[in-house]
2 protein chains.
Amino acid sequence: MSDKLRPGADDDTSSARRPVTLQDVAKAAGVSVATVSFVANDRRDVRVADATRARVQRVIDDLGYRPNVMAQTLQHGRSRFIGLVADAIATTPFAGQIIHGAQDEAWKHGYVLLIANTEGDTEAEREAIAMMLEHRVHGVLYSTWFHRAAELPAGLRQADVVMVNCFSPTQEARGVVPDERQGGRTATEALIASGHRRIAFINATTPAPAQTGRLQGYQDALAAAGIDFDPSLVRYAFSDQEGGYDAAGEVLETDATAVFCYNDRMAMGLYDRLRERGLSIPQDMAVVGFDNQEVIAAHLRPPLSTVGLPHYELGAAGVRVLLGLEAPDDDGMTIVACPPFLRDSIVPPALS
Amino acid sequence: MSDKLRPGADDDTSSARRPVTLQDVAKAAGVSVATVSFVANDRRDVRVADATRARVQRVIDDLGYRPNVMAQTLQHGRSRFIGLVADAIATTPFAGQIIHGAQDEAWKHGYVLLIANTEGDTEAEREAIAMMLEHRVHGVLYSTWFHRAAELPAGLRQADVVMVNCFSPTQEARGVVPDERQGGRTATEALIASGHRRIAFINATTPAPAQTGRLQGYQDALAAAGIDFDPSLVRYAFSDQEGGYDAAGEVLETDATAVFCYNDRMAMGLYDRLRERGLSIPQDMAVVGFDNQEVIAAHLRPPLSTVGLPHYELGAAGVRVLLGLEAPDDDGMTIVACPPFLRDSIVPPALS
DNA sequence: GTGAAAGCGCTAACAT
DNA sequence: ATGTTAGCGCTTTCAC
């Protein structure tokens, strides 16, 4: 392996890689550290002769000086860290978006994210929280990969916490969650808007805010359109492709002309079943999903209309709430809307 | 909003939320800071009376003392941070796995990941690197979401860098990459193993290590099995569902009995085409993909056999190389194998 | 305008 | 066996 492949290890010339400090710059520029500090931080409120300023700046650039954030932090007491505890960082595409949103928003305000991954393990969670507290984080985002109630770990009591994609049943902390109900309503309305009145809903069997919320939204939409709610049009199945495939069979025995699926994966299974029966989408059956899972929704044949979960926005809003840039509702909650993504599974492209 | 929803802001009792310091503990325990430091760090090499040790420990627990990592870092010069620069943190499920692997491995060795997301933006990249240098990171992982050559940003020269899922054509840094060639060979071998000899390969049009590597692997496998390479069985298409669908049409005009698709998305398109023609998998056509994209591969009908990209392992290996726990090859590269995931698209479940 | 010096919380060498 | 103290790199008040 050539030498250049290992920078830090063996540098022949120069100062054995010790980072340049304020002292170094001060000495080289023939001024005091205070002056260098003022110049480095571009403090215009302090009087420093232009000549000095320019000279010092040159030395800073020449030496490649960079402030040591640890020292700065130690000095003025508070760090620019925000902790993010996630229960699944990559088991799912969703968690990534939360991180992404939090990351961008934090960055925008000069904060850096400290990410920890617990995979649902309580011990890992404890350690992660300890780590964050030891880094004197400004606050912590406690996030889950799917929308649910969650108990706040004891260690987090001493920190400023915002729950993301989850909430505390006992109102221990503020929370940012998606508006499942509005999402369900939006999905159903898309179907109603193109003339359907017999609309089935394939819901999940697993109890969750999504399950109840989307059902309510479905009912809201029907009610608003003056369509009677028919319980026999609501089916339950496990929330994956196989579940969707199975439930599709049941739906085909009803007179439904459109289906709202709890999620895109179920819609994918439903596509399979419809295709098997020689039925075409949306002519024989209009379909709308939920989640907007890119790999699935945008690339099924035909592309699936769906409603997106605002994961990116949840992460971003979490940071904003934490930094006090956005005020939650009176109950401490911030509800984020689920946007529709209309594609060709409701109205064929040519007709739209 | 109830008061308890905002911890840091307004605590009635106690010390206005100022974190407990060594000093505090020392005072409360009636010993010196040195002693507390020894106890807190559980330094068994220093003599501290058991009684004192116990007493101090009690105070530490009571007061909820936590060391200030900034101060510790400042003291002994080097941080426990590892930077991770990613060009797409959540645009794709892949980047997440790299982060996940790096995270776990770093954590295992007492390091914390500092993540920055550039979305390919050079300016963001510059800032991210500056941030990491200012945090005095131990080293930096520079990662890309798909395997490719990449130029190392200038700022990173001053850091110890390992490239993850990418490499420097000019050998400026060590790199960890997937073994595309072995992956292509593995995929093809799975088809050969179940008796196929006329095997088509739907490759991507985009030049990339994956494109050339997988083709080589395909040829390696054929050669090893004594099957002549027939260029007419290799087709090129854009690497998504639509591309796979289109190329499938071409493949059906050959006498191929099996297809190796450049990735799972293309395989998904191929499934669509085959279904359209009333052909069944694997009876009429055996299929193997690449990437092991969970949402797709595991849930197509039939579930797709594929080869996985070792993103998690790439991240983990990157950390190990950075920490000097794993030695790269002579050229500074670490090659990670792509494992096969056999499902029902090659041999029907009943027969396997 | 610029410099000297205190101190943020911690570790470790040196006293006692 | 425990205490004292000098910094780590930085910011900031207060002198000059």
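Note on naming: letters A, B, ... go to the chains in the order of the sequence lines (proteins, then strands), and numbering restarts at 1 for each one.
A:A49 comes within 4.0 angstrom of the backbone, heavy atoms only, and of no base. When heavy atoms are screened at a 4.0 angstrom cut-off, A:P67 is found touching the sugar-phosphate backbone but no base atom. Among the atoms of the strands shown, none is found under 4.0 Å from any heavy atom of B:R78.
B:Q72 and B:H76 share no donor-acceptor pair across their side chains, judged by distance under 3.5 Å alone.
Between A:V20 and B:T35, the residue anchored nearer the 5' end of DNA chain D, judged by the nucleotide with its closest heavy atom, is B:T35. Residue B:R53 is the one, among B:H76 and B:R53, whose nearest nucleotide of DNA chain D lies closer to the 5' end (criterion: closest heavy atom). Each of A:V33 and A:T52 was assigned the nucleotide of DNA chain C with the nearest heavy atom; the assignment lying further toward the 5' end belongs to A:T52.
Between B:D42 atom CG and C:dT11 atom P there is a gap of 13 Å when expressed in whole angstrom units. In this entry the distance linking OH of A:Y65 with C1' of D:dT11 reads 10 Å, nearest Å. In this structure, CE of B:M70 is placed 13 Å from C1' of C:dC10, rounded to the nearest angstrom. In this structure, B:L74 atom CG and C:dC8 atom C1' are separated by 9 Å, rounded to whole Å. Atom CZ in A:F38 sits roughly 10 Å away from atom P in D:dT11 (whole-Å rounding). One interatomic measurement links the two molecules: CD of A:Q23 to P of C:dA5, which rounds to 13 Å at whole-angstrom precision. One can place CZ of B:R55 at 11 Å from C1' of D:dT2, the figure rounded to the nearest angstrom. Between the P atom of C:dC10 and the NE2 atom of A:H135 lies a distance of 13 Å, rounded to the nearest Å.
The aromatic rings of A:F94 and A:W145 sit parallel, their planes meeting at an angle under 30°, below the 60° perpendicular limit.
Within the 4.0 Å cut-off from OP1 or OP2 of C:dG9, not a single side-chain nitrogen or oxygen of B:Q72 is found. For D:dC8, neither phosphate oxygen OP1 nor OP2 lies less than 4.0 angstrom from any side-chain nitrogen or oxygen of A:T21. OP1 or OP2 of D:dG3 has at least one side-chain nitrogen or oxygen of B:S32 nearer than 4.0 Å. For B:N41 and C:dT11, the shortest distance from a side-chain N or O to OP1 or OP2 is below 4.0 Å. Residue A:R43 places at least one side-chain N or O under 4.0 Å from the OP1 or OP2 atom of D:dT12.
Between the side chain of A:D104 and the main chain of A:G101, no donor-acceptor pair closer than 3.5 Å is present. With hydrogens and angles disregarded, no donor-acceptor distance shorter than 3.5 Å links the side chain of B:N41 to the backbone of B:R43. At least one donor-acceptor pair closer than 3.5 Å links the side chain of B:D121 to the backbone N or O of B:A124.
Heavy-atom neighbours of B:E123 CD from other residues, nucleotides or ligands within 6.0 Å: above the threshold of 12.
Checking C:dG9, D:dT2, D:dC10 against every side-chain atom of B:A71, the shortest atom distance belongs to C:dG9.
The base of C:dG7 lies close enough to the side chain of A:Q75 for a donor and an acceptor atom to sit less than 3.5 Å apart.
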